[in-house]
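Working notes for the structure below.
Letters A, B, ... mirror the listed sequences (proteins, then strands); counts begin at 1. For the numbers below, each heavy atom of this structure counts, side chains included, while hydrogens, waters and symmetry mates do not.
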Protein chains: 2
Amino acid sequence: MCLTRKSRLTDIRKQVLKTVWSSHTPIGAYDILSRLNARGGKAAPMAVYRALDFLMENGLVHRIASLNAFVGCAHPGEHHAGQFLICRDCGNVAELDNADVKRALAKAVTARGFTIDSEVIEISGRCPHCREHTP
Amino acid sequence: MCLTRKSRLTDIRKQVLKTVWSSHTPIGAYDILSRLNARGGKAAPMAVYRALDFLMENGLVHRIASLNAFVGCAHPGEHHAGQFLICRDCGNVAELDNADVKRALAKAVTARGFTIDSEVIEISGRCPHCREHTP
DNA sequence: TCAGGAATGTTATGTTATAACATTTCACTC
DNA sequence: GAGTGAAATGTTATAACATAACATTCCTGA
């Protein structure tokens with residue numbers, strides 16, 4: 001784990017991280033909670049949200065605002081502001097980090113005199129697999 | 001009102017639309033509800049959400065997913081998938097519709113074999129005015 | 001070993017959104 | 001102008017998401 005940067009990957013944080021990764025699609029905080037408690041645990045929502053905050057700060061997990069749900073980061077440790085492609089059929093999420101998009105966006109935004117703190121770019125559509133296999 | 005396209009701008013829808021527009025910043029559904037009910041009304045959340053759904057379908061209002069809130073559309077009647085610039089200080093939102101951004105995004109997305117149904121592009125940052133007037 | 005901050009536990013509550021079903025309203029036809 | 005069917009609204013309840021506030025435990029380093 002890339003957490004030699006003095007942040008502590010404690011047990012609950014690790015459990016939440018595993019749970020997020022074990023889901024193929026974005027998972028809600030309360031779904032994470034259910035899975036943690038499935039074998040007798042008794043964690044509270046706060047614990048999950050705190051772990052998620054930590055994991056997001058450390059670039060291990062992303063929040064999908066349009067779904068109120070969370071996914072594991074495909075490229076932990078890298079810059080961090082990607083674009084997410086969400087398949088409306090299978091729910092899978094692909095993470096992009098396209099330079100042209102970022103450049104065009106940065107240009108358009110600064111042309112309006114804004115500075116950028118953070119970006120939410122979430123595209124809903126259909127993935128290649130689902131387009132092929134369903135009408 | 002541009003609703004000669006056979007959709008009915010009923011009273012509650014008009015009230016919700018006015019309320020959204022009367023707010024300078026994105027406003028939550030329950031805040032809309034409070035304002036509607038401020039002078040004795042007794043509307044329920046459903047009424048507001050239904051009105052908002054209608055207004056969004058008709059391109060009069062946008063939802064800001066990262067804030068769970070709503071803003072009036074700056075260019076009703078036009079295409080519809082913009083980019084939103086949200087000032088973290090004053091809360092104001094500017095709506096963009098930048099062709100380069102859309103082009104770059106469409107290219108990146110289709111390169112992955114995805115098709116686009118809808119886009120959520122929300123940039124948080126600081127507006128020119130706030131940058132000038134606060135440290 | 002003990003002091004202080006970080007992390008977690010605990011309880012309660014706030015906020016956002018929808019389900020499900022009943023009733024009313026409206027435009028249209030006869 | 002009465003009937004009818006779809007659209008809109010009303011109503012009640014609850015689901016789903018998120019945080020506040022304060023107590024306790026745990027880890028680390030002096």
Euclidean distance, atom CZ of residue A:Phe70 to atom P of D:dA16 [Å, nearest integer]: 16 Å
Using a strict 4.0 Å threshold on nitrogen-to-oxygen distance, state whether B:Lys14 and B:Asp11 make a salt bridge. no
Could you say whether B:Asn68 or B:Met46 is positioned toward the 5' end of DNA chain D, judged by the nucleotide with the nearest heavy atom to each? B:Met46
Output the rounded distance in Å from CG (B:Asp11) to P (D:dA7). 21 Å
Answer yes or no: does a side-chain N or O of A:Thr10 lie under 4.0 Å from OP1 or OP2 of D:dC26? no
Distance in angstrom units between A:Leu67 CG and D:dA18 P, rounded: 11 Å
Value in whole Å for how far the C1' atom of D:dT9 lies from NZ of B:Lys14: 16 Å
Can you check whether B:Leu55 reaches B:Val20 side chain to side chain, under 4.5 Å on heavy atoms? no
Expressed as a whole number of angstroms, how long is the span from B:Tyr49:OH to D:dG10:C1'? 17 Å
Residues B:Asp117, A:Arg88: salt bridge by 4.0 Å N-O rule: yes
Can you measure B:Lys42 atom NZ to D:dT12 atom C1' for me and round it to whole angstrom units? 15 Å
Rounded to the nearest angstrom, tell me the gap between atom CD1 in B:Ile12 and atom P in C:dT24. 17 Å
Between C:dA6 and A:Arg13, is there an OP1 or OP2 to side-chain N/O distance shorter than 4.0 Å? no
Base of D:dA18, side chain of A:Tyr30 - is there a donor-acceptor contact under 3.5 Å? yes
Starting from C1' on D:dC17, measure out to CD1 on A:Ile64 and report it in whole angstrom. 16 Å
Between B:Arg63 and B:Arg50, just flag the one whose closest nucleotide in DNA chain C comes earlier from the 5' side. B:Arg63
Using a 4.5 Å cut-off on heavy atoms from C-beta on, say whether the side chain of B:Cys73 contacts that of B:Val61. no
